Structures are given as C-alpha cells and as structure tokens.
Amino acid sequence: MARHFTQSKSYRDFTLSKVRTEADAFLCLTELAFGHSEVFACPICHHNGRHYLRAARKQWRCRECDGYFSPTSQTALHKRKIPCLKLVQAIIMYCAGSNGEAASQAAAILGVDPRTAWLLFSKLRECFVLTWDTSPMEGTVQADGGYFGGKPRRPNRRHKNESKAIGSLTRGRKAAIDPTVKKWTIEPWNAVKLKKRRCVLAIRELSGGAKQGASRTIVAIVPGESFAAMQPIFARAVKPGSTLMTDSGPGYTSLIVSYDHRTVNHSKEYSTPEGINNNQAESFLARLRRSEYGVFRAMRPTYLLDYSVSHQIRLVTTICDDTRSSSRGFVQQLH
Ligand SMILES: [Zn+2]
C-alpha cells in the first residue's frame, strides 16, 4: 500500500534516540551545519580540510587560519547559551512537527523556560529565511493564495446578522453581506485586527513524477490576490514560459501573457479531467492553516513570512522521497 513519506523509514533517520550525550550532539550539530563531521570548510577562511577539535570548548580550530569557530558560528544561532544537546533536540522536534511545533510544548519536554523555547524556534525560523532558495522555478508550477491573521473577535452577545456580515467582510465577499442589516458598523478592535490580515501566496514547483508532489515552494506576503500585487512576485519566482496552474480568481487571468496559464474552476471541480489543478498549493496553505489554528494560535504580519517559510522547509523535508532525508534537508538550510 502506498504510504506518505512521513510514514516511511527514510523519514525516521533523525530521531531523539540517536543523540543522547553532549558530545554526540556537538558532532551531530557539526554535521548538520557543515555537511560532514570531520572534513568541512572553515566558515572564516573557507579552507576545506580536517580541523582541530577543541572538545572542552565545544569548538573547532582552523588548520589554516588558526581561527576558532563552532557549528553555529555566523548563523542566527551565534552566541547561543543553550547546550548542544538541547539545541539538537529542539531541531529534531521542530523538523518532526508536521503542522508546526508549539514553543510551550517544547519548553515542557526540553526542560527550558517557555521564552527560551520561543526564542530558539524564532532563531530556527530566521535560519530558514536567511538560507531560503528563491531562484526562479520552471516546468509545471502551481499557485494559490490564502488569508492569514486579522481574524475578528466575536462580540460578547451573539447577533446573527453582525456575525455573518463580519465573516463576509473578512473574506472580501461584500455582496454576501445581509441586505436586511440597515446600518452595520465594525467594532474598533475588529477594525484594528482587519488591518493585520495578509495574503500568503504559495507558489510550488512540481517534482515531475506522478504522485511525487512538489519539490520546492516559494511564499510571499501580499496585501491580496490582485494582479498588481502578485505580478511582481510571479515575475521573480517563475520563469516565463512555464506552465502555471491556478484557480479561476480574477487576479490570475492576466498571467496568460507570460505563462502557459491553466485554470481550474473551484466552484465546479478540484481538478479538471485533463489533470489541471492547484492542489499542491492548496495542500501547503491547508497545513499552514492548521499551524495557525492549532499550534501558533496567532501570526502577526511582521513574522508571517518567517512562519510561512519555515513551514515550507518542513514540507520540503517531508515530501521529498528521493535521497534527501529530513536531517540533510535541514543541513542545507542551516548554512
Ligand atoms: Zn580558517
């Protein structure tokens, strides 16, 4: 029976049971950061070779330039105070969380202050953002947008018409506002929340093989699914001439000038008989939605990209069913 990659043996190559001591964790962190635990390039002078281990200091000394460095040198985790063991355990937990990992839960498991866990996860997300591959995609690409943040708070006393109107307004369905409500005003606190609403545009490149899923994702934060907002993103993220699959939203129609644009009408079907769909992008946004509701609880516009990108990395490490493993997928991102 076909199984998802997260249920396969190759996905379980990076588990808590493999790292038990501080020395194990230091070598594991070295391998994660440099791709090898013995021969690697010095981050200061870039000399590639075997360097001197300073085990007591948990550092390496470069054979060429005599500089001292650690696996987290020149990364967002530079000058960390947390031990290597807890850091590796936190990385494993973050990579294994299919819908994100809550800092409060990690704090209880790792035995650290919740603020420490939250800061550590924030720095991991920063690592992802700094090393994100945003080179243009080609081949078959799927895209979709989803709105995150800015969810209005319901009133103390439920009023059927107001609730419907707020829901319609937040989704941009002005025509759906109940016409029987003569004078409708939004509460000041909900007006503030609505300003924090953003659209996450997910663009995913298909891996090519049947049922192989997507191989790479680029996300962007835009005000809405309008052509003016999305066109610059597509111009940078997708090579002209590529096959682009989206839903039939009006903001995508003008993309036919630059791409082989195919659309699927979601009011009729999820996928056309010819196989045109944007289900990979829908899948990405569905997982991010689960992260928002179930784990992170709230994502402010300032760090929405961090949450989205780190979610993408986890997906990339999750769905790849070739020789890349979850741990090696992270290696490439920690640099
Ligand atoms: Zn050096």
Side-chain angles (χ1 to χ4, degrees), residues 10 13-96 101 106 110 112 115-136 215-218 303 305-306 309-310 312-314 316-317 320 322-335:
S10 55
D13 68 337
F14 190 44
T15 60
L16 288 173
S17 60
K18 292 188 177 179
V19 184
R20 294 182 180 279
T21 66
E22 185 71 13
D24 288 347
F26 176 75
L27 290 177
C28 177
L29 208 56
T30 301
E31 193 169 349
L32 284 173
F34 303 118
H36 200 278
S37 59
E38 294 177 356
V39 182
F40 48 86
C42 163
I44 304 168
C45 69
H46 307 294
H47 171 74
N48 196 30
R50 293 178 183 272
H51 304 288
Y52 304 111
L53 173 63
R54 293 291 178 261
R57 297 174 62 170
K58 296 173 192 170
Q59 284 182 329
W60 295 90
R61 184 163 70 85
C62 177
R63 181 181 290 271
E64 185 72 17
C65 70
D66 266 356
Y68 283 84
F69 59 90
S70 77
T72 54
S73 292
Q74 300 183 9
T75 71
L77 297 163
H78 183 60
K79 289 192 175 179
R80 64 190 159 74
K81 295 176 183 174
I82 195 168
C84 295
L85 184 57
K86 288 189 177 182
L87 178 57
V88 173
Q89 288 171 341
I91 292 171
I92 292 171
M93 287 180 64
Y94 199 90
C95 290
E101 187 66 33
L110 296 174
V112 299
R115 290 168 295 184
T116 304
W118 184 85
L119 181 66
L120 180 57
F121 280 177
S122 298
K123 287 187 174 183
L124 287 179
R125 282 189 283 271
E126 188 181 342
C127 287
F128 297 146
V129 172
L130 293 175
T131 58
W132 182 24
D133 181 8
T134 56
S135 57
S215 58
R216 199 157 63 89
T217 309
I218 289 179
Y303 294 108
L305 185 66
D306 292 45
V309 173
S310 61
Q312 162 221 331
I313 302 299
R314 190 165 50 253
V316 168
T317 58
C320 279
D322 54 14
T323 53
R324 285 176 60 188
S325 65
S326 55
S327 57
R328 273 179 249 132
F330 180 75
V331 176
Q332 297 181 346
Q333 303 306 327
L334 192 64
H335 276 296

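First listed ligand is number 1; within each ligand, the first listed atom is number 1. Computed from a predicted model, the values in this text were never measured in an experiment.
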Is the distance between the Zn ion (ligand 1) and the nearest N/O/S atom of H51 smaller than 2.8 Å? no

How close do S70 and R80 get, heavy atom to heavy atom, and via which atoms? OG-NH2, 4.5 Å

Just by distance, do the side chain of R63 and the backbone of H47 share a donor-acceptor pair under 3.5 Å? no

Take the angle between the ring planes of H51 and F69 and call it parallel below 30°, perpendicular above 60°, tilted in between. perpendicular

Closest heavy-atom pair, P71 versus A33, reported as atoms and distance to 0.1 Å, is O-CB, 3.3 Å

Note: SG(C65)-the Zn ion (ligand 1)-SG(C45) angle, rounded to 10 degrees, equals 110°

Is the Zn ion (ligand 1) under 2.8 Å from any N, O or S atom of H46? no

Metal check, the Zn ion (ligand 1) vs H47 N/O/S, cut-off below 2.8 Å: no

